[in-house]
Participant: 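This structure is in structure tokens; I'll ask about it shortly.
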2 protein chains.
Amino acid sequence: MTPRRPFQRVGEEARRAALIEATLDLIAEGGPQAATVRAIALRAGVTPGLIRHYFATKEDLVAAAHEVLMTGLTEASAARLGELPDDPLSRLSEFLANAVSPPVADPRSVALWAASMQLVPRDEAMRRVHEATYLGFRDRLEAMIAEALATTGRRDEDTRALAIAGNALLDGLWIEAGALPDHFREGELKSIAIKAFSRLLSLDLPEG
Amino acid sequence: MTPRRPFQRVGEEARRAALIEATLDLIAEGGPQAATVRAIALRAGVTPGLIRHYFATKEDLVAAAHEVLMTGLTEASAARLGELPDDPLSRLSEFLANAVSPPVADPRSVALWAASMQLVPRDEAMRRVHEATYLGFRDRLEAMIAEALATTGRRDEDTRALAIAGNALLDGLWIEAGALPDHFREGELKSIAIKAFSRLLSLDLPEG
DNA sequence: TCAGTAATTATGCAAGCGTATAATTAGCCT
DNA sequence: AGGCTAATTATACGCTTGCATAATTACTGA
């Protein structure tokens with residue numbers, strides 16, 4: 001008679017969070033196929049059966065994890081908005097630097113993003129989250145671009161097109177930073193992003 | 001005694017190609033988890049055991065499929081290179097338009113790419129293919145950029161940085177074209193790409 | 001034409017998967 | 001203090017997976 005494993009009762013909220021965190025960790029490290037119920041339970045310090053108690057199905061757990069991830073990412077890039085300088089040019093410049101540097105741009109985030117991208121075409125809920133976060137980020141960028149242009153009195157530019165292009169530029173740099181981190185010198189992507197935006201907007205953005 | 005399934009011997013080359021094509025189809029439709037050996041064999045019109053005859057492991061098959069996909073993508077954007085005008089500006093312009101339009105930019109390709117991106121950080125063979133194709137594309141772009149700049153005698157620019165930024169821009173547009181195809185008007189991305197490059201390079205690229 | 005051989009099918013296995021369900025126990029309420 | 005209940009563990013089932021191996025058969029070439 002081996003004794004039954006002792007356990008602690010933790011609040012529902014904390015348990016769900018722990019399970020979600022374990023799920024994200026595993027997906028980031030080993031891809032979706034690494035996030036088995038047994039592995040998740042092990043990582044979260046519980047037994048597999050408990051997952052069923054909080055999530056009707058594993059799919060539910062993964063969906064919940066995806067939502068936490070995405071809102072976390074957008075909040076992370078919004079969080080520092082308050083700390084940015086008031087001057088629109090410096091503000092934009094630091095925003096760009098942020099977007100292509102850790103912790104925003106790191107292999108874990110990119111891996112998680114790639115994993116979720118796969119689900120976007122096939123899962124309606126996922127697509128809505130993707131759409132919302134993509135547009136949210138782009139709109140914020142567009143606003144900053146408009147302010148930056150306004151410093152030199154240019155108010156008639158096609159800021160939508162500039163935001164789409166700028167957003168794409170950041171996305172591409174962000175992905176490569178995560179996928180091939182060793183291909184770029186320290187700070188190289190930061191500098192490239194700022195220089196590219198300077199030319200894209202015909203502005204002289206300051207480099208940190 | 002049910003009779004054994006009749007079969008035809010097909011050349012090794014054709015079989016491998018069929019298996020790879022089936023693999024890509026399945027991944028594109030249902031993600032990597034849909035590409036089981038049994039499903040692949042079924043789609044390719046053979047029995048599962050045959051896969052082992054051509055690929056030591058399923059991982060090998062997936063890696064081979066990834067390589068076919070990526071070289072196919074770069075070749076698709078290079079294919080029309082021969083038909084492109086000689087004038088470096090028009091040439092670059094049409095190259096850009098190609099990269100963000102079908103068949104290069106379409107949901108299937110983007111879905112496949114996203115699936116493979118997941119494996120890149122964890123699989124040495126995948127990373128090598130990704131690296132090679134990424135650098136191959138970027139180098140081609142860098143060469144075209146250099147030629148375009150040379151038309152106005154500008155030979156001292158940092159073409160490496162411009163190619164990295166330009167490549168990122170194209171990647172980002174390509175991804176969004178595939179992920180959210182309904183968010184952009186017909187030809188909008190094409191126009192955005194050309195305008196953005198014009199400003200990035202301080203050149204006047206012609207729009208088709 | 002027919003024997004040899006490599007390509008292909010058929011069968012089976014061990015491991016891991018998600019999930020269902022029953023047994024236990026920690027912590028709260030009175 | 002001591003029962004109630006929900007949180008947690010334990011066990012087991014049915015499926016699917018990748019892979020190994022044996023049996024067959026279509027083609028080749030002498």
Side-chain angles (χ1 to χ4, degrees), chain A residues 1-27 29-66 115 119 122-123, chain B residues 1-24 26-27 29-66 115 118-119 122-123 125-126:
Chain A
M1 293 306 251
T2 73
R4 185 174 255 245
R5 166 204 247 246
F7 62 91
Q8 269 196 357
R9 297 180 119 123
V10 173
E12 162 162 0
E13 209 173 343
R15 271 290 188 241
R16 295 183 94 96
L19 290 171
I20 287 174
E21 201 50 42
T23 304
L24 290 177
D25 280 351
L26 287 165
I27 292 178
E29 288 170 16
Q33 71 276 30
T36 68
V37 289
R38 285 166 178 82
I40 293 169
L42 182 65
R43 165 91 48 143
V46 297
T47 53
L50 189 58
I51 290 179
R52 271 276 293 169
H53 191 258
Y54 287 107
F55 299 93
T57 167
K58 188 198 160 190
E59 208 174 34
D60 285 2
L61 169 54
V62 171
H66 178 242
L119 305 179
R122 281 179 288 281
D123 187 310
Chain B
M1 293 307 249
T2 73
R4 184 174 257 241
R5 166 204 249 243
F7 61 93
Q8 269 197 355
R9 298 179 119 129
V10 174
E12 162 162 359
E13 211 172 341
R15 271 293 187 240
R16 296 183 92 97
L19 290 172
I20 286 174
E21 202 50 42
T23 304
L24 290 177
L26 286 166
I27 292 178
E29 287 171 17
Q33 71 276 29
T36 68
V37 290
R38 285 167 176 82
I40 293 169
L42 181 67
R43 164 93 48 142
V46 298
T47 52
L50 190 60
I51 290 179
R52 269 275 291 169
H53 191 257
Y54 287 107
F55 299 94
T57 167
K58 189 198 158 189
E59 209 175 33
D60 285 3
L61 168 55
V62 172
H66 178 237
Q118 251 178 268
L119 306 178
R122 283 178 288 281
D123 188 308
M126 288 271 178

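Convention: sequence-line order gives letters A, B, ...; per-chain numbering from 1. Every value quoted in this text rests on a predicted model; they were computed, and no experiment measured them.
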Participant: Hey, is the side chain of A/Thr57 poking within less than 4.0 Å of OP1 or OP2 on C/dG18, counting only N and O atoms?
Facilitator: no
Participant: Verify the contact: side-chain N or O of B/His53 to OP1 or OP2 of C/dA7, cut-off strictly under 4.0 Å; return yes or no.
Facilitator: yes
Participant: Rounded to whole angstrom units, what separation is found between the CG atom of A/Leu19 and the C1' atom of C/dG18?
Facilitator: 15 Å
Participant: If you take any heavy atom closer than 4.0 Å to DNA chain C, which residues from residues 36-49 of chain A end up in contact?
Facilitator: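 Nucleic-acid contacts, sorted: A/Thr36, A/Val37, A/Arg38.
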Participant: If only side-chain N and O atoms of B/Arg15 are considered, is one of them under 4.0 Å from the OP1 or OP2 phosphate oxygen of C/dT8?
Facilitator: yes
Participant: Nearest whole Å is fine: how far is C/dT8 C1' from B/Phe7 CZ?
Facilitator: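 That distance rounds to 4 Å.
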Participant: Taking the side chain as every heavy atom from C-beta outward, state whether A/Thr47 and A/Arg5 have any atom pair closer than 4.5 Å.
Facilitator: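 Yes - at least one pair of side-chain heavy atoms lies under 4.5 Å apart.
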Participant: Classify the nucleic acid contact of A/Gln8 as base, sugar-phosphate or nothing, counting any heavy atom under 4.0 Å across all strands shown.
Facilitator: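 Contact class for A/Gln8: sugar-phosphate only.
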Participant: Do the side chains of A/Phe55 and A/Leu50 get nearer than 4.5 Å, heavy atoms only?
Facilitator: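 No, side chains not in contact.
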Participant: Starting at CG of A/Leu50 and ending at P of C/dT24, how long is that distance when rounded to a whole Å?
Facilitator: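 The answer, rounded to whole Å, is 18 Å.
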Participant: Between A/Glu12 (CD) and C/dC28 (P), how many Å, whole number?
Facilitator: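 Nearest whole value for this atom pair: 15 Å.
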Participant: Does A/Thr36 use its side chain to pair, donor to acceptor, with the backbone of A/Ala39 at less than 3.5 Å?
Facilitator: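 Confirmed, A/Thr36 side chain pairs with A/Ala39 backbone.
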Participant: Can you identify which nucleotide, out of C/dT8, C/dG18, D/dT8, has its nearest atom closest to the A/Lys58 side chain?
Facilitator: C/dG18
Participant: Record whether the side chain of B/Arg4 comes under 3.5 Å of the base of C/dT9 through a donor-acceptor pair of N or O atoms.
Facilitator: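 In this structure, the two groups form a donor-acceptor pair.
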Participant: What's the CZ-P distance between A/Arg52 and D/dC13, to the nearest Å?
Facilitator: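 In whole Å, D/dC13 P lies 18 Å from A/Arg52 CZ.
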Participant: Is a side-chain N or O of A/Arg43 found less than 3.5 angstrom from the main chain of A/Asp25, in a donor-acceptor match?
Facilitator: no
Participant: Using only atom types and a distance under 3.5 Å, with no angle test, would you say the side chain of A/Lys58 pairs donor to acceptor with the backbone of A/Ala35?
Facilitator: yes
Participant: Atom CD of A/Glu59 and atom C1' of C/dC17: how far apart are they, to the nearest Å?
Facilitator: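 Rounded to the whole Å, the gap is 15 Å.
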Participant: Under 4.0 Å: is that the gap between some side-chain N or O of A/Tyr54 and OP1 or OP2 of D/dT8?
Facilitator: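 Answer is yes, contact under 4.0 Å.
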Participant: Side chain to side chain contact (heavy atoms under 4.5 Å, CB included), that's the test. Do A/Arg16 and A/Leu61 meet it? Break it down for me.
Facilitator: CA-CA 9 Å; A/Arg16 295 183 94 96; A/Leu61 169 54; over 6 Å; no
Participant: Tell me every residue that passes salt bridge (charged side-chain N to carboxylate O under 4.0 Å, His left out) with A/Arg52, counting only those two or more places apart in sequence or in another chain.
Facilitator: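 Testing A/Arg52 for salt bridge (charged side-chain N to carboxylate O under 4.0 Å, His left out), a comparison that skips the adjacent residues, returns none.
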Participant: Starting from P on C/dT9, measure out to CD1 on B/Ile51 and report it in whole angstrom.
Facilitator: 11 Å
Participant: Both B/Ala56 and A/Pro6 contact DNA chain D. Which one's nearest nucleotide lies toward the 5' end?
Facilitator: A/Pro6
